[in-house]
Number of protein chains: 2
Amino acid sequence: MANAHDVAQLAGVSVSTVSRALTAPTQVSATTRERVLEAAERLGYTPNPTARGLRLGRTHTLGLLVPDLENPYFASVTKGVQARARAAGYPVFVADSEEDPTAEPGLVAQFAARVDGIVLASPRSDDEVLRKAVAHLPVVLVSRDMADLPSVAVDDADGIAQVLGHLHALGHRRVGVAAGPASSWSGARRLDGLRAAAERLGDVALVELGSFRPYFSGGLAAADHAVAQGVTAVVAFNDLMALGILDRLRGRGVSVPQDISVVGYDDVDVATLVSPALTTVRVPRTGLGRRAVDLLLSWLDVGHVDDQALARARHRLPAELVIRDSTGVPPA
Amino acid sequence: MANAHDVAQLAGVSVSTVSRALTAPTQVSATTRERVLEAAERLGYTPNPTARGLRLGRTHTLGLLVPDLENPYFASVTKGVQARARAAGYPVFVADSEEDPTAEPGLVAQFAARVDGIVLASPRSDDEVLRKAVAHLPVVLVSRDMADLPSVAVDDADGIAQVLGHLHALGHRRVGVAAGPASSWSGARRLDGLRAAAERLGDVALVELGSFRPYFSGGLAAADHAVAQGVTAVVAFNDLMALGILDRLRGRGVSVPQDISVVGYDDVDVATLVSPALTTVRVPRTGLGRRAVDLLLSWLDVGHVDDQALARARHRLPAELVIRDSTGVPPA
DNA sequence: GGTCAGTCTGCAAACGATCCCGGGATGCGT
DNA sequence: ACGCATCCCGGGATCGTTTGCAGACTGACC
């Protein structure tokens, strides 16, 4: 690989001039700049990012921490982060904590000296642990809220209100709720939103079917509860659970949406691959990642980590109800 | 952040000794080593990776390039790479080329100075372009073969042979083939394997239904061809296509597996979430990633890039037929 | 006690870039 | 012709670490 020194030699100038020709073009005369650029071109010169990082104290690199890359939700967030960072010329380190919150501080520590900032998608880990881990590093949270840290999340309250409004408009008055793990931050948020929406509507009863695992298997269990409780519609914590519910209902001869309507959350790809196609809430997952990077980069540009206004930044992206074939009017 | 200099001062030694105490413990006396280690502990000192990288000429970092992070296949590969690299203490840059082969050389170039080696999962890009892009950097290919580059792939020929053997054993003699994009390396490989297997079995006719998009939508189209050609079983390029086939057949009132058997490939999670559950071929996707990293790291340990034996390394991981409910005996 | 082998440690030079600082050249006005 | 401001450019320090080299010290042996 070619040096700044090599380029300088070929162009007949000093290394300082080479550096300036590339980073501060106005400080060098047009003719020499031309010579330097051509020499750099000929040698295929690219400034060594490591040396640059050492001198500047910035690595021009971002980090991303997710609980599970195989989870389509986080895969999309990752893709969004990746795309945005790439556009800005930032490579990004990706780490998968394998759903183990205790591993996160270590991962963050590993990143600390190698990145300029971190996007953190960590639905379950403890507040204090997190806060300590990210003490001296710009961090943006995804799908989670925390005092004095900037975050990007979906407006779940609104999304879930759209769901209940949809069901209410169809005529449903007894709606089952299949909740997710109690420890999930966004799960609690959705439940709150649901209760608030029910409150506003007045004449709809929320039947809490219980707390289930946020996977296909959890949905299988939830479906039986729904039937037992005699609800006319079920709102699931996420799409995977909703798919489990669909499968189990079909197995028991309960037809959807004629007998029971089912609504998911997230709009993962599979939602359109089943029949009936799933009514669900589309959350802008890659959008979350993109926005998080935008926030992080603007923070880095400003420079001071303790900028209060920035640290309090809370971004809420809109969710959108997608009506498909798994919801209909309740049976007479 | 604490320096080696800070640690040296606190321990009352020179920076050289600090460095040696951490990297070459035998070269320093037990007592001073103890002092240094304690001082380092107290200050929370970690050697600056950037400075280290500059001095050593190695970044202790890996790169991974995939065409699409939202594709479950590559999400799993990424997860495997991630897990293995993390265990070895290597952070990994992840880049998503967004299915655009022309973007790959640029991405690789961006990586070049920042990583010690690259795992490349690039099913479609041109050989020559690739070879040039990776000229001076250790690279391991995933799910793809190329002369003089080490690679890790699945034994597709064997996997597909298991599929055909299974169908043959059930009694199928007219088997439809829904191929993927012609440019896909592994697609061509599977087709070859299928033909070879048919040849060996002797009494089974392969009906090529055409080349379809490797998504749900491609399967919808393929299904109609299958019905038109009167085959009793269909082998799809991948699971998504198989799901499309299932959906379309159901829509047309063709029951699976009574009328037609359907087999996928990859064993993505969704394969178990549909009914009938999909018979498919499980490929060790995270295993591919893990093995690729193993190969890369051992290469880096050896040091010389032009080690012929290593460069020729071709790893073939076994595929496994998973029989579920979408295959059965053909109609009488 | 002097020599020598061996062990331990510090000095200083790298690695490759950036950037402060000062000097030379140039142009302009007087 | 001289002073002065302006513009370009090169020298060299710097970021934090590793490492070759040499000096200092210890202990042992003749």
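As a basis for the values below, the full set of heavy atoms in this structure was taken, side chains included, without hydrogen atoms, waters or symmetry mates. The chains referred to below are lettered A, B, ... by the order of the sequence lines, with proteins before strands, and numbering in each begins at 1.
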- Interatomic spacing from OG1 in B:Thr17 to CD in B:Gln27 - rounded to 0.5 Å: 10.5 Å

- Query: Rounded to the nearest 0.5 Å, what separation is found between the CD atom of B:Gln82 and the CZ atom of B:Arg290?
  - Reply: 12.5 Å

Have a look at [X] and tell me which of [options] forms a side chain to side chain contact (heavy atoms under 4.5 Å, CB included) with it.
X       : options                              : value
A:Thr78 : A:Val94, A:Asn71, A:Thr286           : A:Val94
B:Val92 : B:Thr61, B:Val293, B:Ile118, B:Leu64 : B:Leu64
B:Tyr45 : B:Val36, B:Asp6, B:Asn3, B:Leu22     : B:Leu22

Please report, rounded to the nearest Å, how far the [atom2] atom of [N] is from the [atom1] atom of [X].
X        : N      : atom1 : atom2 : value
B:Asp6   : D:dT17 : CG    : C1'   : 13 Å
A:His60  : C:dA17 : NE2   : P     : 16 Å
B:Gln27  : D:dT19 : CD    : P     : 9 Å
A:Asn3   : C:dT18 : CG    : P     : 12 Å
A:Met1   : C:dC15 : CE    : C1'   : 16 Å
B:Arg114 : C:dG16 : CZ    : C1'   : 14 Å
A:His5   : C:dC15 : NE2   : C1'   : 13 Å
B:Gln9   : D:dG16 : CD    : P     : 14 Å

- Is it true that the side chains of B:Ser19 and B:Ser16 contain a donor and an acceptor less than 3.5 Å apart? no

- Examine the side chains of B:Ser186 and B:Asp156 and answer whether a donor and an acceptor come within less than 3.5 Å of each other. no

I'd like a list of close polar pairs between nucleotides 19-27 of chain C and the protein, N/O only, cut-off under 3.5 Å.
{"residue": "C:dC19", "atom": "N4", "partner": "A:Ser16", "partner atom": "OG", "Å": "3.4"}

- Assert: residue with more 5' nearest nucleotide on DNA chain C, out of B:Leu54 and B:Val13, is B:Val13

- So which of residues 28-38 of chain B are in contact with DNA chain D, with a heavy-atom cut-off of under 4.0 Å? none

- Query: Does OP1 or OP2 of D:dT17 have a side-chain N or O of B:Asn48 closer than 4.0 Å?
  - Reply: no

- 5' priority, DNA chain D, between B:Leu22 and A:Ser14 [closest heavy atom]: A:Ser14

- Exceeds 12 heavy-atom contacts within 6.0 angstrom, atom CZ of B:Arg33: yes

- Is any side-chain heavy atom of A:Arg114 less than 4.5 Å from a side-chain heavy atom of B:Pro91? yes

